[in-house]
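The next block holds one structure in the form of structure tokens; read it before the comments.
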Amino acid sequence: MQQALVFLRRPVMFLQEACCSARRLHHVSHYSTFLRTPCQRSPVCVPTPAPAPLHSLPCSAWLYSTQRSFKKVLKSSLDCSVPPVSVTEIRQYLRSKDIPFHDGYSCLHTPSLFMERASGSDVTEKESFSLFVDKTTGRFLCKETLVEGSWEDFQDCVEVMQKERQGSLNPEVLLGYPDSETELNEKEMDRREVQRIWSSSVPISDLLEDDAQLVKVMFGMGKVSNATLKKFGVRFFKPTKSLVLPWFSGRDSSLRGLKLLSADCKGEGQVIYKEVTFPKPGLYHNLFGLHLIGHKDTEVVLTGREVDTLAVSQATGLPSVALPRGVSCLPPVLLPFLEQFKRVTLWLGGDLRSWEASKIFARKLGLKRCSLIRPGEPQPCPGDALAKGMNLNKILKASIPAAHKSIISFRQLREDVFGELVNKEQVAGVKWSRFPELNKILKGHRKGELTVFTGPTGSGKTTFISESALDLCMQGVNTLWGSFEINNVRLAKIMLTQFSQQRLEENLDQYEEWADQFEELPLYFMTFHGQQNIKTVIDTMQHAVYLYDISHVVIDNLQFMMGQENLSVDKFAVQDHIIGTFRTFATGSSCHVTLIIHPRKEGDDKELQTASIFGTAKASQEADNVLILQEKKLVSSQGRRSLQVAKNRFDGDVGIFPLEFNKTSLTFSTPRSKTKLRKVKGDAAETPEKPVKPVKTLASAERSPAEEGTKKKK
């Protein structure tokens, strides 16, 4: 019995030691502190400003950080000066230039422009087509030389080849502007950092048997064999007690990058996992296990965690790869590496978020070849299934096709309905960390919904929405901002101030540190400013959803988009058309759209209602949520603000709670004094009343506050 207790205590002690290492790592800006004496600047992990939500050890609770960076070609601002290209235009161009091509699932396959063809080889052989052109964006990638570029770059290369009558081009023609000395130093630092960590780490099999088992238990892979770990090249980095997950090139199996996975305990047996990648996620994309894929493999299992890929490979023997950023994003640059497979099974995890991501990623990969594993107790994530001794082959055979008909019966829906009943909290969406009172009413932020937000002029609509969107973005919600009223520089300054919660003008020495952390957020901006056409804006949003897996779009505001529409048409009809277009986009793209609309001009002494939204009733009818920023003008001070939820289609709860504005940090928060939600009674809202719970009826959510007040009087 004593020996059993000692054995149980050892993982705890081992984990506590790892937590100490993680805390030491948290207080320094770079891993280089552990690797060399002079701490040099290295583009790696920075401490996050807000604590991540606590998760327990099972698969569905694994926490993946949403760090990201930018390539020179992947900007944080979406520039739409170049019109998007359609797949029809791509096909027409290839035919006009006599370039043979093969129509793939998400790309068009053509012969490489950067490789000499062997004498006597057939140009039309599909197997020799190693250059892939994305059907949606036109970007291309040559798998043999790893040269990539835009559709305009591809056209330029073809024109040069035909003008010079050359059979191929030197890949260096697309290098463009040479890297600056700083960029070259960062790349060299990344390369050295990768090699240093890799050479300092040890294979799991080289650890003592007890230590190796403790490492496996700590990272949730107790049933994974040493042979499987050696096959994928998994190692252990002792200085930080981290698991080393390498990325090898699919072309020559050379080491191109790696991910460090560390564990941190938060008390009461709760463990969260943090990851750091070299190079930064935006600088390089790869698939874990890609080097093990054979040219003749036609089936693959796509997972959201490296541990799940290890489990699938060991239990089934099928080819399996893991996405670099889990369920948060499937970068289109990785699609060419998945083109060879006729069947792709997406087994991304065991929670509802993984299920939603599976359906979105299947659209990119091609619905006809994709199958999905529905999460649930009988079908957990692969790592948990292996630990429980379940038959993974049986679970894979029970996968369902991603494509479906336009008309279905309840038989196809019953599992989805059951999943929503079981995972009530996950269905409610992502919770706000800065606005707990908003969670009590709206329950969370959900994909596929349309939120209409209004408030008096100068009340702080943009400031509030920027903090609300920032709150969600810090929790991994990929966000796209369309600010037509204020420019992006000013908006970014506001959000950076809210992010750091201080006036950086007075602390310029801290700017670089906070800017580095802010840059890691999955946040993008449209380059529009002023009046814009709705079609151009929707095209940009669809492009962003495809390229960056955007799940939240903020439009500020509707009135600025109405200027370039047909002036001969009634302005209310134009507004209704725009709102209907945003509604269709939100539903079809599974993306939450927050639309700011100015209210009608009303007296300062009156509170706004749903009917106060400018235009017809279509805005409030199409919206899933209607939020109103109320401001009560005061003579002696700035005024009291409160947020009213006037409509909530999810469960019908409506209510109002006070806000407190901090001018230093430009943030809103609920007052520290104990406040309760109160029911809104239209015009009678001015009179004091006892606090009551939010209204629970769906019908009341569809009625305006004024209608409810009239009904009570009757």
Side-chain angles (χ1 to χ4, degrees), residues 427-429 438 441-456 461 465 468 482 534-535 537-538 541 552-562 565-566 569-602 606-630 643-656 679-683 685 694-712:
V427 171
L438 192 57
I441 306 176
L442 286 181
K443 306 303 183 293
H445 182 271
R446 295 168 288 277
K447 294 182 180 180
E449 292 190 351
L450 174 65
T451 295
V452 170
F453 181 65
T454 190
K461 295 187 295 294
I465 284 296
S468 173
I534 178 62
K535 186 179 184 304
V537 175
I538 290 294
M541 291 162 57
H552 184 204
V553 178
V554 182
I555 301 295
D556 183 18
N557 59 61
L558 177 66
Q559 277 80 353
F560 270 77
M561 297 174 51
M562 297 173 57
E565 302 296 337
N566 192 347
V569 182
D570 178 52
K571 62 180 180 181
F572 294 126
V574 174
Q575 177 173 322
D576 290 350
H577 167 69
I578 294 175
I579 293 173
T581 304
F582 280 124
R583 170 75 270 178
T584 303
F585 170 82
T587 304
S589 302
S590 187
C591 180
H592 192 113
V593 177
T594 298
L595 184 59
I596 300 178
I597 305 178
H598 285 301
R600 292 191 177 96
K601 299 299 181 183
E602 297 185 355
K606 292 185 179 180
E607 286 192 351
L608 298 179
Q609 304 176 20
T610 305
S612 302
I613 300 174
F614 183 83
T616 66
K618 187 176 180 65
S620 58
Q621 291 171 353
E622 293 281 6
D624 296 285
N625 313 295
V626 175
L627 306 182
I628 303 175
L629 184 61
Q630 302 284 6
L643 185 67
Q644 176 185 348
V645 179
K647 181 179 179 180
N648 175 12
R649 187 170 281 164
F650 178 69
D651 68 353
D653 282 7
V654 295
I656 186 171
K679 180 180 174 183
V680 180
K681 285 193 173 182
D683 296 335
V695 185
K696 277 281 186 180
T697 60
L698 181 60
S700 63
E702 299 290 346
R703 294 194 300 268
S704 67
E707 290 174 344
E708 292 222 1
T710 305
K711 184 175 178 181
K712 290 230 171 188

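Please read all numbers here as calculations on a predicted model, not as lab measurements. Numbering of residues begins at 1 and proceeds along the displayed sequence.
Contact of the Phe650 side chain with the Leu442 side chain is not registered, since no non-hydrogen atoms from C-beta on lie closer than 4.5 Å. Leu627 is not listed as a side-chain neighbour of Ile465, based on a closest heavy-atom distance of 4.5 Å or more.
Gln630 contributes a side-chain N or O that, together with a main-chain N or O of Leu608, makes up a donor-acceptor pair within less than 3.5 Å. Although no hydrogens or angles enter the test, the distance criterion places no donor-acceptor pair under 3.5 Å between the side chain of Thr454 and the main chain of Ile613. When atom types are taken as modelled, the side chain of Lys647 and the backbone of Thr610 share no donor-acceptor pair closer than 3.5 angstrom. The main-chain N or O of Phe453 is never found under 3.5 Å from a side-chain atom of Lys461 such that the two would form a donor-acceptor pair.
Atom CG of residue Asn557 and atom CD1 of residue Ile596 lie 7.0 Å apart, to the nearest 0.5 angstrom. Rounded to the nearest 0.5 angstrom, Asp653 CG and Lys443 NZ are separated by 3.5 Å.
Judged as a salt bridge (charged side-chain N to carboxylate O under 4.0 Å, His left out), and not counting sequence neighbours, the contacts of Asp624 are Arg583, Arg649. Residues meeting the salt bridge (charged side-chain N to carboxylate O under 4.0 Å, His left out) test with Lys447, sequence neighbours left out: none. Partners of Thr616 under the side chain to side chain donor-acceptor pair (under 3.5 Å) rule, at least two apart in sequence or in another chain, are Asp576. Checked against side chain to side chain donor-acceptor pair (under 3.5 Å), Glu622 has the following partners two or more places apart in sequence or in another chain: Lys618. Phe614 pairs by the ring pair (Phe, Tyr, Trp, His ring centres under 6.0 Å) definition with Phe572, not counting sequence neighbours. Take Phe582 and apply the ring pair (Phe, Tyr, Trp, His ring centres under 6.0 Å) test, not counting sequence neighbours, and it matches no residue.
Closest non-hydrogen pair, Ala428 versus Arg446, comes out as O-NH1, 2.8 Å.
Side-chain atoms of His552 and Thr594 include a donor-acceptor pair closer than 3.5 Å.
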